[in-house]
Structures are given as structure tokens and as C-alpha cells.
Amino acid sequence: MARTKTSRAWMREHVNDPWVQRAKAEGWRSRAAFKLMEVDDKDKLIRKGAIVVDLGCTPGGWSQVARKRLGTTGRVIGLDLLPLDPMLPGVEFLQGDFHDEEVLKQVEEMLHGAKVDLVLSDMAPNMSGIPLSDQARSVHLAELALDFAANHLQPQGSFLVKVFQGSGFTEYINAMRKVFRKVVTRKPEASRGRSSELYLLGQGLK
């Protein structure tokens, strides 16, 4: 299938993006690694010995950061519909659909009853180009991630999730505030300025 003008423009921007070039130079799986590093530097989310669950982890930028910052301690469990290729040493990966109850049960089995210290979600749907539809699907993924965090985090745990400003955004923040004692927004430098992308950080279950 021939690429559209929009996709070609995105590819040019992506290839020339300084964060993409820096990620390649430093050996990171994706530019998203710098987003998590900046938030973690500020909010100290990744602590030695922690159990981290990375929802929508492929291509692995966030799992890679979490594994490096944990050192030889703790666990990183990644989940994605797409394969994690090549695999990341020290990351336990499950390929499956986050919408599927059976896949969630497999994640729970991997946890062996342990509570999670940090849930990460950089998930985004495959964009159709229809704004209302894309936003609705994005919010739905964020809601599923919030539900997972509410049920599996330990009381002092944290939840970092990607959201897009638009329909349902205010309602989603309000939903997070019902779950967490503290909810703040983060816009890392590596997040494109023109993008409606934001990250919400919830800390401490109510």
C-alpha cells in the first residue's frame, strides 16, 4: 500500500527527530525512554526491589529504562499485543490483548499474588484518522489501565499513564482522583509540543 502524504511527513519528522536520533545513539529502544527517565528523575518512581508492570510495552523503551534503573533487583513485567523483538534481558514479557480477561489472568499468575509498586501505561490505539473514534479508544485503554492499577497496586504504589487531551479527558482525571490521593500532570520534553499527549501520575491509593 502506498504511503499517504501524512504518513510520509510523519516519517520524515520521526527520522529527523533529535530524540529519536539520541535514542539510537545511546542504545534505547525508543524516544519514549526519555519521557520515563524525565518523570522518574522528578518523581522517583522506580525504586530498588520494585515490581513494575509495563502495559503496552513494545518496542520496549519504558521496560528498558525500568530494568536498568532497578539494576539486579525487582521485576519488570511487560505486556503488549505486538511481540517484543528482540527480547529484553531481565524483562518478563507476555504477548496478548489487554482487553482479554484470559490475558489479564496470565499477568496475575505471573505476579503470584504480589502487589505491584508501579504500573506504567504508554498504550495508544492504532490511529484511524477519525479524531472522535481515536480519542474514545484511547480513553478506553487508559480506563482499562486505571482499573488494573486500582486492583493490583500496593497502597503506596504509583500509576503513570499516557492520555490525550480531548473528549473524556476531564472525566478520566476525575476518575483517577477517586482512586489516588495525588494526581498530577507531566509533559516531558521528549513529548512533541504540538501533540495533545500528556502523562497523568497517580500516587497512593485512597
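The first residue in the sequence is number 1, and the count goes up from there.
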When you group the ILVMFWY residues by side-chain heavy-atom contacts below 4.5 Å and let the links chain together, are [Y] and [X] in the same group?
{"X": "L36", "Y": "F93", "answer": "yes"}
{"X": "V76", "Y": "L120", "answer": "yes"}
{"X": "L81", "Y": "L104", "answer": "no"}
{"X": "F180", "Y": "V39", "answer": "no"}
{"X": "Y172", "Y": "L141", "answer": "yes"}

Hey, is the main chain of [Y] close enough, under 3.5 Å, to the side chain of [X] for a donor-acceptor pair?
{"X": "R177", "Y": "R181", "answer": "no"}
{"X": "H140", "Y": "A136", "answer": "no"}
{"X": "T73", "Y": "G49", "answer": "yes"}
{"X": "K115", "Y": "N151", "answer": "yes"}
{"X": "D147", "Y": "E143", "answer": "no"}
{"X": "R75", "Y": "A50", "answer": "no"}

Please give me the minimum heavy-atom distance between [X] and [Y], naming the atom from each residue.
{"X": "R29", "Y": "P59", "result": "NH1-O, 2.9 Å"}
{"X": "F98", "Y": "A145", "result": "CE2-N, 3.6 Å"}
{"X": "L118", "Y": "L153", "result": "N-CD2, 3.9 Å"}
{"X": "D80", "Y": "G56", "result": "OD2-C, 3.0 Å"}
{"X": "G61", "Y": "S30", "result": "CA-OG, 3.6 Å"}
{"X": "V103", "Y": "G96", "result": "CG2-CA, 4.0 Å"}

Rounded distance (nearest 0.5 Å) linking atom [atom1] of [X] with atom [atom2] of [Y]:
{"X": "F34", "Y": "W28", "atom1": "CZ", "atom2": "CH2", "value": "7.5 Å"}
{"X": "E92", "Y": "M87", "atom1": "CD", "atom2": "CE", "value": "9.5 Å"}
{"X": "K178", "Y": "L146", "atom1": "NZ", "atom2": "CG", "value": "11.0 Å"}
{"X": "M110", "Y": "L79", "atom1": "CE", "atom2": "CG", "value": "8.5 Å"}
{"X": "E26", "Y": "Q21", "atom1": "CD", "atom2": "CD", "value": "12.0 Å"}
{"X": "R186", "Y": "D40", "atom1": "CZ", "atom2": "CG", "value": "11.5 Å"}

- [ ] State plainly whether the residues E197 and K35 are in salt-bridge range, i.e. N to O under 4.0 Å.
- [x] yes
Task: Presence of salt bridge, K105 and E101, under 4.0 angstrom - done: no
Open item on the list: Does L82, at its CG atom, have more than 12 non-hydrogen atoms belonging to other residues, nucleotides or ligands within less than 6.0 Å?
Closed with: yes
Open item on the list: Run the side chain to side chain donor-acceptor pair (under 3.5 Å) test against R47 and tell me which residues pass, sequence neighbours left out.
Closed with: none
Task: Between Y199 and W62, ring centroids under 6.0 Å - done: yes
Any side-chain heavy-atom pair from [X] and [Y] closer than 4.5 angstrom?
{"X": "D17", "Y": "R22", "answer": "no"}
{"X": "L70", "Y": "K48", "answer": "no"}
{"X": "F159", "Y": "F148", "answer": "no"}
{"X": "L160", "Y": "V119", "answer": "no"}
{"X": "V183", "Y": "L201", "answer": "no"}

- [ ] Might you work through the side-chain contact (heavy atoms from CB on, under 4.5 Å) test for L198 and Q165, ending with a clear yes or no?
- [x] CA-CA 7 Å; L198 276 179; Q165 298 175 77; 3.6 Å; yes
Assess, by modelled atom type and distance only, whether the side chains of [X] and [Y] contain a donor and an acceptor separated by less than 3.5 Å.
{"X": "D117", "Y": "Q154", "result": "yes"}
{"X": "Q135", "Y": "S167", "result": "no"}
{"X": "Q64", "Y": "R69", "result": "no"}

TODO: Pick out which of L55, D54, L111, V116 makes a side-chain contact (heavy atoms from CB on, under 4.5 Å) with I77.
DONE: L111
Open item on the list: Using salt bridge (Lys or Arg N to Asp or Glu O under 4.0 Å), reason through K42 and E38 one step at a time and then give a plain yes or no.
Closed with: CA-CA 6 Å; K42 182 179 182 65; E38 181 179 329; over 6 Å; no
- [ ] Any chance you could lay out the side-chain contact (heavy atoms from CB on, under 4.5 Å) test for L205 and Q156, step after step, and finish with the verdict?
- [x] CA-CA 6 Å; L205 295 177; Q156 301 303 317; over 6 Å; no
Open item on the list: As a quick check of understanding, evaluate side-chain contact (heavy atoms from CB on, under 4.5 Å) for V179 and K206, giving each step before the final call.
Closed with: CA-CA 6 Å; V179 175; K206 284 187 173 180; over 6 Å; no
